[in-house]
Each structure stands twice: as structure tokens, then as C-alpha cells.
Amino acid sequence: MGGAPPAAQAGWLRRFDFTTMVWAAVTILLVLLVVNPVYFLFQESFVRSVDDSQVMSLGNYLEAFTDSIYYGPILITFVIAIFAGVFSLIIGAGMAWCISRTDMPHSGIIRNSVLAAFVTPPFLGAIAWIFLAGPRAGWLNVFLRWITGTGESFSVFNIFSLSGVIFAITLYTFPLVFIVVLAGLNNISSDIEDAANIAGGGTLSTMTNITLPLVLPALFAGLILAALEAMILFGIPAILAIPAGYHTMTTQLRQFMVSEDDMLGVAAAYAMPMLIAAIALVWTRGRVLGRRGYATVGGKGGQRRPQKLGVWRYPVFVLCFFPVICTLFLPYLALTVTSFTKTLGGGLTWANLTLDNYVFMIQNDGVRESIFNTIGLALMAATGAATVASIAAYISQRKLGRAHAFVGFMSTAPIGIPGIVLAVGLFAAYTKQPFVLYGTLWILLLAYLTKYLPLAFQTSNAALTSIHPELEECSRILGANRLQVFKDVTIPLFKAGLIASWILVFMPSLRELSSSILLWTTETKVISVVIIDLYEENLFGPISAIAVTLLVITLAAIALGFRLVGRDFMKAG
């Protein structure tokens, strides 16, 4: 083409189809995002330093799993995951059944409150429960002492205990069960239940003999999701378990990474079982939900006629509202009140009220810089994830090219990679030449983009299913290539899904902790890391002020989503 006349070159450029290049670029990017950190994680787990040289051996695995000091975190993690998963199943499934299958009043309030709890940062909830259930100054214990007239040594609640850790984690994992089970129940027609009622079955017998077997796949999937989330959480164990004298696998990983000795290889080896367990649980969940179709064999889901609760309507509402109070209202009340007080024990008196905590948040250089970093990263991660996910969903949905199935798989694969494990892999991958990204915001951006890509992909994929390919084929017949069709036809048609995926990535990016805690440096702190630092300094007032500000930004994002996308915005994912 070098010797061709300018007019011929211009004509060639107009005829050249850039579609293949874009599809290939997205595929390569997905490989770099997902495969690269996992590869370096696996490789680093076998690298051992011997006499100033690196050799491949099983030494890291032997050190990680033969030293008795590291057994405890594995056992504690297993116990927490089991109990939090079971309790989440009981609470979430029970609330979902009450909303979907009974005439309980104000069910919309319960449903929306649980969805709001779903986007609440768990580590902020843990800090709030220190204010509420601390053994000495916790408000609930202080109130009980005032009621009973007992001394300061008396306490009923102690959030700094293994049971307190399980309680706090359950508060932020049961919404996962609730969402999955509610969707399963809403897909089941009431016809079979009506038949059981006509045959003489009561509400309880119909629920146990008819509804429960039909929704069993969703129950099992919800249990898996809750147990997985409990296993990979970092914030709550770091805030509550360590003061109680316990380590989990996530907090132990951080201990490896912050050690003065080079323990990256041991950390990588220690992370491998968590990665394998997470992948296995996600795969099992997919297999279980893949069989959910048998629940509605015999016809499409019809009308759902609620079971009559009679005099139990309001007692059931109170029972369902109690977890919401513990998850949402009490924690944010505690954080809001504390943000305006000088000391925790000073009470709500004029002398103890202050705006200094908000002034500190505004004037402190570290906090202010972390807010800018956080918002910037969230904006970039949301934009990048929405862009990549929409193209990947289009390739997968329309079966473009031989690699369409691979693109879909790679876009959802990060859901099986715990955030803190991903951070270890990214650290191993990008602290070496030629791409040294550690110490920059770029490595945090890669972490956020990879972690939340499945959320954006699933949202875009769901939106694309409602767009018939014939609308795109009309443009293809008129001569437009695939890229032009995607830009000019498809995106305008599914822009609501695109906006939803953007906001659903933006919100969790604001409070991401599990990856950030291992990848931050002095120049790249984000707000979640600053909150952990302030917690270690017992600066609860500034923490509460930051938490309230974070809540306002999150609620504003949710309100924007509802306004731009509609009432099903939170269901988009």
C-alpha cells in the first residue's frame, strides 16, 4: 500500500473492517485481566529463594501448610463460612418466602431495604456494631446496664468474639440468599400450591411439601453464595476477629504480604486452596442453577396468590424487619450519631456535639487525596468494565467468531477469584519488569476492573437478550459492518442496561477493600484503606463522617440508577 496513490489508500481505509481488530483486542484484554494474575499467582507459589537465587520447589506449600500456626485461620474460616452460610440461608430464604408467598404487609419496604443492605460496605457495618455491641461502651450494653442497674463490668453483647464475627458477617451475606431465593420463588406458579390447598394442605405443609422442593436449587445456590462470601471477606474479620484473637485466611494473607520477610511465595501458596474452593463453589452453584428449569415444568410461571397469614401478618412483618434493622438502620444510625459527637461515651448532649469530624475529613490531606483517588478509580473502573463487558456480551450473545464461548467464559471467570487472592496475583505479576505497576493507581484499576467485570457482563448480557438480532441485520444488509451496527443500533437500544452495568460497578468500587488492602501505597490510598488505618488509631468520629459521606454518594448512585433505568435497576445484575 506504500506505493498506492492517496486516493487508493483512502478508499482502502474506508473499506477496511476494523471489527475483527476490536473483537481481538477485547479477547486479548480479557486474557490479560484474568489469566495473567492467576498464572503469576500459580508460578509464584512454587518460587523459593535459596542462596540468593530462585528455584522451583514445593517449599512454599510445605511452609504454608505444615506450620501449625497457620492451621488456625483455615479452621476459623471454615467454621465462619459454614455457620454464616446456614444462618444466611435461614434468614434470607425465610424473608424471601414471606414476601413472595404470603400477604405480609409492607413487603416492598422489606425488599427495598434488603437491596439497600446488599450495597452496604460490610466493614462499615462491623465498625458500627462496635458502637452498638462493644463489651464496655456498646450502646446496647449501656442501655441494659441502665435498665438492670448493674455495674460497668456487666455486658450481654460482645461483638469481639467468634459468635460476634459470624453475626456481623451473616448480616451482610443473607441478602445474597434473599435475592437468589426470591427470584426462584417468583418463577414458580401458585397453581401447584393451590392444588395442595384444595386437597386439604395447610400453609406450613404446602410450603414444606410443595414449595420447598421446587425452590431447592435456588436454596442451595444461595447457601453456596453466602458461604463463599463469608470465606473471602476481609473487612469484618480484620475489624472484629483480630481483636478477638482470631485470624482468618484473608487476614493471614495480609500478614504474609506485610511481613518484613519476603513471603510472597508463601502467600501465593496459602491463597491457592481459597482460589480452588471459590472456583469449586461457583461451578457447583452454576450446575445447581442450571437445573432450576425442572421447578416450573408443566407451564410458565403464572399468578402468585399469597398465602393468608391472618392474625400473624404483622408479627411476621416485625420478624422480617428485624434483620433489616440490624443490617441497615441501627448501623447507619450509630455511624450518623457518632459522626457528630466528640467522644463515644459522651452521649447526645450539646457539649458533646461537633462538626469537627467532617472538618477533619475535608482538611486532612490524606483523607482528601484518598477520596479523589477512590472516586477517580470508581469512574474509570465503571467506564472500563461497562465498555469491555458490553462488547464481550455482544460477541458472546451474537456468537461472533469461533471464540465467542471463550469470551463469555473469560468475562464471568473472575467471579470465582476472591478479591484478596486476585490482589496477590496482581502483586506477583506487576512488581516485575517490563510492567511495574505496583505503586500506581493502574494496578488498583486492574483489580477493580477484573473483580467487577462479571457484574457488568451479566447486566449487559441480560439487556442484550431483549434485542432481536433482526434489528441489527437490517443495518448489515444496508452495508454497515458489525462495529458500526453495534455503535449505531445496538448501544442505543440497550443503553439502559449499559447505564445499569456502569452504576453497578461504580458503587462497589467506591468501597472495595479486599484487593486495595494489599495493593495500596502511600501515594495510592483509597477511602476503604484510610478507614482501616483510622480504625487502628481508634479515630471513630472521622470514620463515621467518612462512612456517612460514602453512604450519601452510594444512595445518590442508586437514585440515579432508578431514575435512568427504572424500577428494575437493582435487578439488572
Side-chain angles (χ1 to χ4, degrees), residues 83-118 120 132-133 139-140 143-144 147-148 156-157 167 170-220 222-223 226 295-296 301-333 567 570-571:
F83 278 95
V86 171
F87 291 147
S88 296
L89 178 65
I90 295 171
I91 297 171
M95 293 174 65
W97 181 80
C98 290
I99 288 177
S100 178
R101 283 297 187 267
T102 72
D103 62 343
M104 179 187 71
H106 311 302
S107 59
I109 295 176
I110 300 289
R111 181 173 56 253
N112 293 333
S113 297
V114 173
L115 292 175
F118 179 69
T120 299
L132 294 166
W139 298 354
L140 297 178
F143 178 73
L144 289 176
I147 291 292
T148 59
V156 174
F157 306 103
F167 167 78
T170 301
L171 291 180
Y172 298 97
T173 53
F174 87 81
L176 294 169
V177 180
F178 174 86
I179 292 170
V180 173
V181 175
L182 183 63
L185 286 168
N186 287 342
N187 287 330
I188 299 174
S189 172
S190 296
D191 295 340
I192 304 176
E193 295 168 322
D194 291 342
N197 290 332
I198 293 172
T203 300
L204 184 60
S205 64
T206 300
M207 179 184 70
T208 55
N209 297 321
I210 303 298
T211 311
L212 184 61
L214 291 175
V215 80
L216 196 59
L219 291 172
F220 190 56
L223 173 64
T296 55
Q303 292 184 346
R304 296 181 295 278
R305 287 167 287 279
Q307 302 281 343
K308 302 296 183 182
L309 295 177
V311 296
W312 293 101
R313 292 179 71 232
Y314 282 95
V316 168
F317 168 76
V318 172
L319 189 64
C320 288
F321 199 59
F322 181 73
V324 173
I325 292 175
C326 294
T327 305
L328 197 64
F329 293 101
L330 277 179
Y332 275 115
L333 174 63
R567 57 182 298 181
M570 290 298 291
K571 301 177 185 178

Inset, instruction - May I ask you to check whether over 12 heavy atoms, not counting those of F83, lie within 6.0 Å of atom CZ? - result: no
Legend entry - Gap separating the CG atom of L182 from the CZ atom of R101, nearest 0.5 angstrom: 9.5 Å
Inset, instruction - Drop me the distance from L328's CG to N112's CG, to the nearest 0.5 angstrom. - result: 11.0 Å
Legend entry - Separation between OH of Y332 and OG1 of T120, rounded to the nearest 0.5 Å: 4.0 Å
Legend entry - Side chains of V156 and L140 in contact at under 4.5 Å (non-hydrogen atoms): no
Inset, instruction - Quick one: closest heavy-atom pair of L132 and P331, and the distance? - result: CD1-N, 4.1 Å
Legend entry - Student check: side-chain heavy atoms of F322 and V318 closer than 4.5 Å: no
Inset, instruction - Show your reasoning for whether side-chain contact (heavy atoms from CB on, under 4.5 Å) applies to F178 and I99. - result: CA-CA 10 Å; F178 174 86; I99 288 177; 3.5 Å; yes
Inset, instruction - For residues M104 and R313, report the shortest heavy-atom separation together with the two atoms involved. - result: CG-O, 4.1 Å
Inset, instruction - Look up atom OG1 in T148 and atom CZ in F143, then write down how far apart they are to the nearest 0.5 Å. - result: 10.0 Å
Legend entry - Nearest heavy-atom neighbours spanning L219 and A93: CD2-CB, 3.5 Å
Inset, instruction - Considering non-hydrogen atoms only, spot the tightest contact between P323 and M95 and give its length. - result: CG-SD, 4.0 Å
Legend entry - Side chain to side chain, V181 and W97, heavy atoms closer than 4.5 Å: no
Legend entry - CG on L223 to OG1 on T173, rounded to 0.5 Å: 10.0 Å
Legend entry - For the student: nearest non-hydrogen atoms of V324 and I110, plus distance: CG2-O, 4.5 Å
Inset, instruction - Report the residues that fulfil ring pair (Phe, Tyr, Trp, His ring centres under 6.0 Å) with F321, sequence neighbours left out, ordered by chain and then residue number. - result: F317, F329
Inset, instruction - Ignoring hydrogens and angles, tell me if any N or O in the side chain of Y172 forms a donor-acceptor pair with the backbone of A117 under 3.5 Å. - result: no
Legend entry - Check: S100 side chain, A96 main-chain N or O, donor-acceptor pair, under 3.5 Å: no
Legend entry - Shortest non-hydrogen contact from A226 toward V177: CB-CG2, 3.8 Å
Legend entry - Flag side-chain contact, heavy atom, 4.5 Å: F174 against T327: yes
Inset, instruction - Please round to the nearest 0.5 Å and tell me the distance separating atom CD1 of I325 and atom SG of C320. - result: 11.5 Å
